Amino acid sequence: QVQLVESGGGSVQAGGSLRLSCKVSGLTSDSNYLAWFRQAPGHGRGREGVARIHSTGGGSWTADSVRGRFAISLNYREKLVYLQMNNLIPGDTAIYYCAAENKNEGVWFNGIQFGYWGQGTQVTVSS
């Protein structure tokens, strides 16, 4: 059973930093993509892909909206994926979800399909 457990969310003032962590377990393959998505408050707001990385540590990509401020990384041996978020702005307020690749079903992000999800962690940025 695939499990992804996020931690590290919280409240911060604009300009501050947070680091999110995601513990991954249960994946049957060692070669897959991992990603962070977010869902901002408001009716009808879907999940937005923020960053993704391959389990080998390569293939990282970040969305235009966060490039230069956010960085994704991983500790392969510990099965941990991180999202370092710097210079946060109120527009970054959202629930952040860790996700793992599922070739059979899921949400497409930057050419990869993600179908395993964590429970989410809240990030709130105040002005």
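All values derive from a computational prediction rather than experimental measurement. No hydrogens, no waters, no symmetry mates; every other heavy atom, side chains included, goes into these values.
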What closest approach, in Å, do E48 and S65 show between heavy atoms, and which atom pair accounts for it?
OE2-OG, 3.1 Å

Show me the pairs that pass salt bridge (charged side-chain N to carboxylate O under 4.0 Å, His left out) and involve residues 54-71, at least two apart or across chains.
D64-R67, R69-D92

Common cluster, W117/F109, ILVMFWY with side-chain heavy-atom separation under 4.5 Å
yes

Shared ILVMFWY cluster between V2 and V81, side chains joined below 4.5 angstrom?
yes

Looking at V5 and Q119, what are the two nearest heavy atoms and their distance?
CA-OE1, 3.8 Å

Reported CZ-to-CZ distance for the pair R38 and R47, which is rounded to 0.5 angstrom:
14.0 Å

What distance do L27 atom CG and Q3 atom CD have between them, rounded to the nearest 0.5 Å?
11.0 Å

Hey, does the side chain of S60 reach the backbone of I53 with a donor-acceptor pair shorter than 3.5 angstrom?
no

What distance separates W36 CH2 from E6 CD, expressed to the nearest 0.5 Å?
5.5 Å

N102 meets the side-chain contact (heavy atoms from CB on, under 4.5 Å) criterion, sequence neighbours left out, with N104, E105, Y116

One should read off an interatomic distance between T62 OG1 and L83 CG, to the nearest 0.5 angstrom, of 9.5 Å

Begin from the C-alpha positions of S25 and Q1 and carry the test side chain to side chain contact (heavy atoms under 4.5 Å, CB included) through to its verdict.
CA-CA 8 Å; S25 62; Q1 181 180 359; over 6 Å; no

Please report the closest heavy-atom contact between Y76 and S55, naming both atoms and the distance.
CD1-O, 3.0 Å

Note: Q122 and A94 closest approach over all heavy atoms is NE2-O, 3.4 Å

dist I72:CD1 -> Y82:OH (nearest 0.5 Å) comes out at 12.0 Å

Pairs of donor and acceptor atoms involving the side chains of residues 14-24, under 3.5 Å and at least two apart or interchain, shall be tabulated with distances.
residue: S17; atom: OG; partner: N86; partner atom: OD1; Å: 3.0
residue: K23; atom: NZ; partner: E78; partner atom: O; Å: 2.6

Do we see a donor-acceptor contact under 3.5 Å between the side chains of E101 and S29?
no

Relative to each other, are the rings of F70 and Y96 parallel, tilted or perpendicular (30° and 60° limits)?
tilted

Residue pair L4 / C98: nearest heavy atoms and the distance that separates them:
CD2-SG, 3.4 Å

Any cation-pi pair here, R52 with F114, using under 6.0 Å and within 45°?
no

Are F37 and L74 joined in one hydrophobic group, where the rule is that I, L, V, M, F, W and Y side chains link up if heavy atoms are under 4.5 Å apart?
no

Mind listing the closest non-hydrogen atom pair of A100 and L34 along with its distance?
CB-CD2, 3.7 Å

Run the ring-centre check on W61 versus Y33 and record whether the distance is less than 6.0 Å.
no

